[in-house]
**Q** 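One structure, as structure tokens, below. Some questions next.
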Amino acid sequence: MRPLADGRHTSDGGHPDPPQRAGRDDGPLHIPLITEDDLLMVRHAVRSASVAVGFSIIDQTRVITAASELARNAYVHGGGGSLTIDSARDEGRTGLRLTISDHGPGIPDLAAALTDGYSTGVGLGHGLGGARRLMDEFEVRTEPGAGTTIITTRWRR
């Protein structure tokens, strides 16, 4: 066990909160977004979930790319957060639902943030808008000073 800067301790290679499934083995998977390594973990976990849902390689790539962009935003701009990966079912169709949350400053101008080219950092400004185009459903809940939650779903075709 080694101490972390925030007083918690870890014995799993540096991560204080490893991914955890809620409830049954096939339930949601929760991944904390605290370190750079977590961003790689997101890509692997979303790929596995995409394969399990039966997505084509193209749809796997779409979902992995969207998840990676959104997780990086939560980590960089939101100061960290979490990702929940869950299966989605509606009227006989199946898909994958991603919920990304942070407790950062929120998005002061959501319409601008969804526009290509908008960036508050050094990126190209395709993050939110690009992720929205890659997924079938995309909902943003944000409040200045209270963080951001994005719920997005891709349906199997």
**Q** Are E137 and R93 within salt-bridge range, i.e. N to O under 4.0 Å?
**A** yes

**Q** Show your reasoning for whether side-chain hydrogen bond (donor to acceptor under 3.5 Å, both in side chains) applies to R43 and S68.
**A** CA-CA 6 Å; R43 295 182 66 82; S68 183; 3.3 Å; yes

**Q** List the atom of G78, the atom of P105, and the distance in Å for their closest heavy-atom pair.
**A** CA-CD, 4.4 Å

**Q** Residues two or more places apart in sequence or in another chain: which of them pass salt bridge (Lys or Arg N to Asp or Glu O under 4.0 Å) with R62?
**A**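 If we apply the salt bridge (Lys or Arg N to Asp or Glu O under 4.0 Å) test to R62, skipping adjacent residues, the hits are D59.
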
**Q** Side chains of R97 and T153 only: does a donor on one sit below 3.5 Å from an acceptor on the other?
**A**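 Looking only at side-chain atoms, T153 and R97 do form a donor-acceptor pair, the distance falling under 3.5 Å.
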
**Q** Taking all non-hydrogen atoms of both residues into account, name the closest pair between A45 and I31 and its distance.
**A**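 Scanning both residues completely, I find the closest heavy atoms to be CB-CD1, 3.5 Å.
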
**Q** Report the distance from atom CG of L29 to atom OG1 of T84, rounding to the nearest 0.5 Å.
**A**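 Between atom CG of L29 and atom OG1 of T84 there are 8.0 Å.
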
**Q** What distance do L110 atom CG and L128 atom CG have between them, rounded to the nearest 0.5 Å?
**A**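 The CG atom of L110 sits 7.5 Å away from the CG atom of L128.
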
**Q** Report yes if some heavy atom in the side chain of W155 is under 4.5 Å from a heavy atom in the side chain of D90; otherwise report no.
**A** yes

**Q** Between L98 and A67, which heavy-atom pair has the shortest distance, and what is it?
**A**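 Scanning both residues, the minimum pair turns out to be CD1-CB, 3.7 Å.
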
**Q** Check the side chains of T149 and R141 for a donor-acceptor pair under 3.5 angstrom, ignoring hydrogens and angles.
**A** no

**Q** Can you tell me how far the CZ atom of R154 sits from the CG atom of L96, to the nearest 0.5 Å?
**A** 11.0 Å

**Q** For T152, which residues count as a side-chain hydrogen bond (donor to acceptor under 3.5 Å, both in side chains) partner, sequence neighbours excluded?
**A** none

**Q** Using every non-hydrogen atom in the two residues, find where R156 and G54 come nearest and quote the distance to one decimal.
**A**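 Heavy-atom minimum between the residues: CD-O, 3.6 Å.
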
**Q** For T142, check side-chain hydrogen bond (donor to acceptor under 3.5 Å, both in side chains) against everything at least two apart and list the hits.
**A**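 Scan of T142 (side-chain hydrogen bond (donor to acceptor under 3.5 Å, both in side chains), adjacent residues dropped) gives T148.
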
**Q** Could you walk me through whether I85 and V46 pass side chain to side chain contact (heavy atoms under 4.5 Å, CB included), step by step?
**A** CA-CA 7 Å; I85 305 168; V46 171; 3.6 Å; yes

**Q** Show the nearest heavy-atom pair for residues V53 and G95, with the distance to one decimal.
**A** CG2-O, 3.7 Å

**Q** Taking F55 as the fixed residue, which of I64, T94, V63 is the one that meets the side-chain contact (heavy atoms from CB on, under 4.5 Å) rule?
**A** V63

**Q** Give the C-alpha distance, both sets of side-chain angles, the deciding distance and a yes or no for side chain to side chain contact (heavy atoms under 4.5 Å, CB included) between D86 and T99.
**A** CA-CA 8 Å; D86 200 4; T99 303; over 6 Å; no

**Q** Nearest 0.5 Å, please: how far is CD1 in I100 from OG in S82?
**A** 9.0 Å

**Q** Nearest 0.5 Å, what's the CD1-CZ distance between I151 and F138?
**A**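 Rounded to the nearest 0.5 Å, the CD1-CZ separation comes to 10.5 Å.
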
**Q** For the CG atom of L33 and the CG atom of L83, what is their distance to the nearest 0.5 Å?
**A**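 L33 CG to L83 CG: 6.0 Å, rounded to 0.5 Å.
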
